[in-house]
Amino acid sequence: MSEKATIVLAEDDPALVKALTLRLESEGYRVLVAKDGYCALAHAVEHKPDLMILDVHMPAGDGFTVLERKDRMTPLIHLPVIYLTGDTSEYTKRRADESTAAALIHKPFKFPVLLMEIERILGERAA
């Protein structure tokens, strides 16, 4: 199967990283893993991915901070972001709604839901 797109995955839960990487790669995606927000931005600048998946709460730059920094970087301004979070608070929902993120997915989630969002976002970007 040929690679569909490159995705930067920034998540601090090693088990989730492993599971998502295996599933996304089995779907043909190239996955670049970032252990924190700083590494996510570095990967994005270096590899010019098609999408970023950001955990909202992680060290060295939470998802909100990473997205705000990304949006100030001209080469990355149009890079879509999906937030992942176990935080169901109104504050987090409001921040996500007010951001430029393409989607907010709450943990735990079913992989087909994430895959559907990825395909929707990348499909809109290609159109």
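Residue pairs meeting the salt bridge (charged side-chain N to carboxylate O under 4.0 Å, His left out) criterion with at least one partner in residues 38-59, sequence neighbours excluded, are D55-K107. The salt bridge (charged side-chain N to carboxylate O under 4.0 Å, His left out) analysis of residues 76-90, with sequence neighbours excluded, yields no pairs.
When all heavy atoms of H43 and A34 are compared, the closest pair comes out as CD2-CB, 3.8 Å. Of all non-hydrogen atoms in M52 and A44, the two that sit nearest each other are SD-CB, 4.2 Å. The two residues P49 and T6 have their closest heavy-atom pair at CB-O, 3.5 Å. Between L51 and P80 the shortest heavy-atom distance is CD1-O, 3.4 Å. For the pair P14 and D12, the tightest heavy-atom approach, listed with the atom from each and the gap, is CD-O, 3.2 Å. Nearest heavy-atom pair, M58 versus G63, reported as atom, atom and distance to 0.1 Å: CE-N, 4.2 Å.
At a threshold of 4.5 Å between non-hydrogen side-chain atoms, the residues L9 and T21 count as touching. Between I118 and Y29, the closest side-chain pair of non-hydrogen atoms falls below 4.5 Å. Looking only at side-chain heavy atoms (C-beta outward), T74 and I77 stay at 4.5 Å or farther from each other. I7 is not listed as a side-chain neighbour of R30, based on a closest heavy-atom distance of 4.5 Å or more. Counting heavy atoms from C-beta outward, V45 and P75 have side chains that stay 4.5 Å or more apart. Taking the side chain as every heavy atom from C-beta outward, F111 and E27 approach each other to under 4.5 Å.
Distance CZ/R72 to CG/L41: 9.5 Å, rounded to 0.5 Å. Note that CG of L67 and CZ of R95 are 9.5 Å apart. Values are rounded to the nearest 0.5 Å. Rounding to the nearest 0.5 Å places NZ of K18 at 12.5 Å from CG of D13. Rounding to the nearest 0.5 angstrom, the gap separating the CD atom in E117 from the CZ atom in F109 is 11.5 Å.
Using a cutoff of 4.0 Å between basic side-chain nitrogens and carboxylate oxygens, K35 and E11 are not scored as salt-bridged.
Under the side-chain contact (heavy atoms from CB on, under 4.5 Å) rule, L84 has a single partner from V56, L54, L104, L20, which is L20. Across I105, L114, V81, a single residue satisfies side-chain contact (heavy atoms from CB on, under 4.5 Å) together with I53, and that is L114.
Cluster annotation: L24 is connected to I121 through the hydrophobic network of ILVMFWY side chains, with a link wherever side-chain heavy atoms come within less than 4.5 Å. Both L122 and L115 belong to a single network of hydrophobic side chains, linked directly or stepwise wherever heavy atoms of I, L, V, M, F, W or Y lie under 4.5 Å apart.
Remark: K93 engages D97 in a salt bridge (charged side-chain N to carboxylate O under 4.0 Å, His left out) (not counting sequence neighbours).
A donor-acceptor pair is defined here as one N or O able to donate and one able to accept, closer than 3.5 Å; no such pair exists between the side chain of H47 and the backbone of L32. A donor-acceptor distance shorter than 3.5 angstrom exists from the side chain of K70 to the backbone of L76, with no hydrogens or angles considered.
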